[in-house]
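The structure under discussion appears below in the form of structure tokens.
Numbers restart at 1 for each chain; the letters A, B, ... are given by sequence-line order, proteins then strands.
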Amino acid sequence: MAAALVHTHLCVSKISKRASITTAELIYRERQGLTKLRHSNSAAQFRKCRKAFKTLANPGSLSLTRALVTFVEAGYLEDAFHLFEKMPHSDTFVWNVLIKGLVTNGFYEEAIDIYYRMTFAGIRADNFTYPFVIKACAGLSSLFEGQKVHSKLVKTGLDVDVYTSNSLISTYAKLGRIEFAERLFVEMEFRDLVSWNSMISGYISAGDGWNSLICFREMQLFGMTPDRFSIISALGACSLECLLQKGKEIHCLIIKNEFEMDSMIQTSAIDMYSKCGRVDYAEKFFDCIPQRNIGAWNAMIGGYSLNNHPLQSLACLKKMNMASNLVSDTVTLINVLPACAQLGALLQGKSVHGVAIRKGFLPHLALETALINMYGECGRLNISELVFGQMTDKSLISWNTMVAAYVKNECHQEALKLFQNLLNANLGPDAVTIASILPSYAEVGSVREGKQIHGYVAKSGAGSSTYISNAMVYMYAKCGDLTNSQKYFDGLIFKDVVSWNTIIMANALHGFGEESLRFFSEMQAKGVKPNASTFVSLLSSCSITGMFDEGWKYFHSMIWEFRIDPQIEHYGCMIDLLGRKGNTHFAQHLIEEMPLAPTARIWGSLLTAARRNGDIALAEHASAHILKLRHDNTGCYALLSSMYAEAGRWAEAECVKHNMRKEGFEKTAGCSVVEIDGNICRFFNGDRSHEETEKIYDALSVISGKITKFRQQESVGKRANSPEFHSVRLAITSGLISTAPGSPILVRKNIRICENCHDAAKKISDISRREIVVGDSKIFHHFKCGRCTCRDYW
DNA sequence: AGCGTGGTCA
């Protein structure tokens, strides 16, 4: 209790810094207060406040209590506090007024402290006190405090008060304990309209629109007539569950009850229609409002953003600024930012940020989160990071948004690091977090990390989502663990078309073409209709494993049997397939003839084909197109320069390297990762930083001796960038000497494996009698008995 | 006596 008292004084001093009021100060404050009140445009309040100040200046005529009420009503917490400390406060009423003032102004912690100070002073809290105290618990998100207060209520018998019970219902719902709210509601002896409304909105806090609507119907069966509160909540329930029909019914109720001029109902109705995906209905409703309030505008601006009409969203904001005297508030900005994000309109986004700063809206949790998202979508991660770093208050949503921003910009390492911080901060990841982070695990995660995230998926209950399950199947496959990917897939109770597409792609990635085809037949046998993505997986599988005839067969059946128009990705697969067959002319022809504009990825396929066929002219042609289309062309430059080098055209090779540096690109350093006893070992080319370096290099020299019989002499020179010491070989060797004989070795590499190492890996798999799996930037190579699943084309 | 419950757009 002593601690609570000390705390109270600290908190009080936050609000009221001075200890006493002088007459001069009073006059000053009066002037200040009066000016403020004039602005607030309330003549009645203005007169009252003036009277209150007079009362204070002239203690003879006093009604200090009345003055206190006036201060609290005007929101002058400082003055209220001064007065409170100076007046006798043996009366419950005085305390109640102060607590009310604190709660309505958001000083929840202080309100709770005053409540404890009150009980400590021996003043009995009454049925007027508790609704505020309970509301403060909700504001603090403190279930602990809430339950403490509740038990006190039961002890004093005040829990039968309908006001108090109603507050408890909504507070429990807000604190995530809808079952407590339900129990209270059921056990209430007398339920009024507010009780029903609290329950209806309580279900919405719990994210349960269905029960909210059931409650809404039941209240009518009990003879209660819904008021504006009930209607606003019911509309919220329709938005939550996307129930357009039900929403229209409630719209009828609005008309019947003549609530159309209620601005909050207007806002809710616009929101309901746009959340149900009918921005046109929302627009109609909006257009019929003669005097639009800021809420209606905000809902409309948000509705356009939500339904992917970013230009209309921006236009709506402009219209608001032009056609009305309304000014943007925080919600306006929060709603228009997704539109900037969708358009990638950095300039507009920045100007919104500017407005937020100028108007003093920051820091603001939701607004900052929207900014992080906008900058992330516009590719300005550094600003996202800056905003995130400066946030004084972060919610799980802000964390999720930052993770998603990293993932969107393919900064997977950063995403994983942030996710780790999130776990360390003891913020339980939710389904959104997991869905955002899984692609990063797929891109850079190890099998061990994959299993770790598997644990979080199970713990968070996110595994019941098919979306997340599919991402898990893909993640395991992308981490190199096809067995667990398969297992996870087999364990799925509900498999949608994406699940099947994923397992087909998973097998394609690992070069198991026949398996892919088998899954394709199986999905059709199970009655799942393939979609365009199914064929991307299937055709990729054909091209990766070189099933030429099957590839064309499926391409044709896609068009003629399944009536799916080929998209650019399908053409990409076919061009890969043609390239693999060495038919570069036909590949080029297909690019020219296809009805879609070729992308950098398409020219990349042609470039790969050119490389395999040693066709430098074609490679130059493809590269020229890539350089025009894409910004980051590190891979393209690297490939071209190595082709020139292989052909002995050194000057041109050097020229390409020069251009690359000129544009500010560095050749990506090759890096391979192998997992040994759950530890991740990372190797660069010629890396000597590993603690077992001597052992690894000794073993590698023995291996090299066995696989390159006549080149032995050369390697004495030991150039660090010689293929002999490429990162893949270091990783494989490290795996060989540190794991049990006969067990498979899994290595992942950030860039394409070079031909020399591919050849070496085949031989190593043969002489060591081990299965070696190497995942490079494109596919997984399963080396076994001197052969690779990619059949030497990648 | 006066202080009380539920609500929109994020």
Q: Can you establish whether the number of heavy atoms outside Leu221(A) located under 6.0 Å from its atom CG is more than 12?
A: yes

Q. Among the nucleotides dT5(B), dG6(B), dA10(B), which one has an atom lying closest to any side-chain atom of Ser167(A)?
A. dT5(B)

Q. Counting any heavy atom closer than 4.0 Å, what does Asp227(A) reach on the DNA or RNA strands: base, sugar-phosphate only, or nothing?
A. base

Q) Out of dG4(B), dG7(B), dA10(B), which has the shortest distance to the side chain of Ser233(A)? A) dG7(B)

Q | Nucleotide nearest Ile232(A) when distance is taken to its side chain, options dA10(B), dG7(B), dT5(B) | A | dG7(B)

Q. Is Asp329(A) touching bases, backbone alone, or none of the nucleic acid, heavy atoms closer than 4.0 Å?
A. nothing

Q: Identify which nucleotide among dT8(B), dG7(B), dC3(B) has an atom closest to any side-chain atom of Ser268(A), counting heavy atoms from C-beta outward.
A: dT8(B)

**Q.** Arg66(A) and Glu73(A) ion-paired at < 4.0 Å
**A.** no

Q: Just call it for Gly302(A): base, sugar-phosphate, or nothing, with non-hydrogen atoms closer than 4.0 Å on any strand.
A: nothing

Q: Can you figure out which of dC3(B), dC9(B), dT5(B) approaches the side chain of Asp126(A) most closely?
A: dC3(B)

Q: Name the closest nucleotide to the Ala299(A) side chain, picking from dC9(B), dG6(B), dG4(B).
A: dC9(B)

Q: Could you check whether Phe128(A) and the base of dG4(B) form a stacked pair, meaning centres closer than 5.5 Å and planes differing by less than 30°?
A: no

Q: Just call it for Thr65(A): base, sugar-phosphate, or nothing, with non-hydrogen atoms closer than 4.0 Å on any strand.
A: base

Q. How is Phe132(A) classified with respect to the nucleic acid when contacts are heavy atoms under 4.0 Å: base, sugar-phosphate, or nothing?
A. sugar-phosphate

Q.
Ignoring hydrogens and geometry beyond distance, is the side chain of Thr267(A) in donor-acceptor contact with the base of dT8(B) at under 3.5 Å?
A. yes

Q | Protein-nucleotide distance (Ile270(A), atom CD1; dG7(B), atom P), rounded to Å | A | 21 Å

Q) Ion pair present between Arg183(A) and Glu187(A), side-chain N to carboxylate O less than 4.0 angstrom? A) yes

Q) To the nearest 0.5 Å, how far apart are OH in Tyr172(A) and CE in Met199(A)? A) 13.0 Å

Q. NA contact type, Asp91(A), heavy-atom cut-off 4.0 Å: base, sugar-phosphate, or nothing?
A. base

Q. Does the gap between the ring centers of Trp196(A) and Phe185(A) come in under 6.0 Å?
A. yes

Q: Mark this stacking check for Phe93(A) against dG2(B) as yes or no, applying ring centres under 5.5 Å and ring planes under 30°.
A: yes

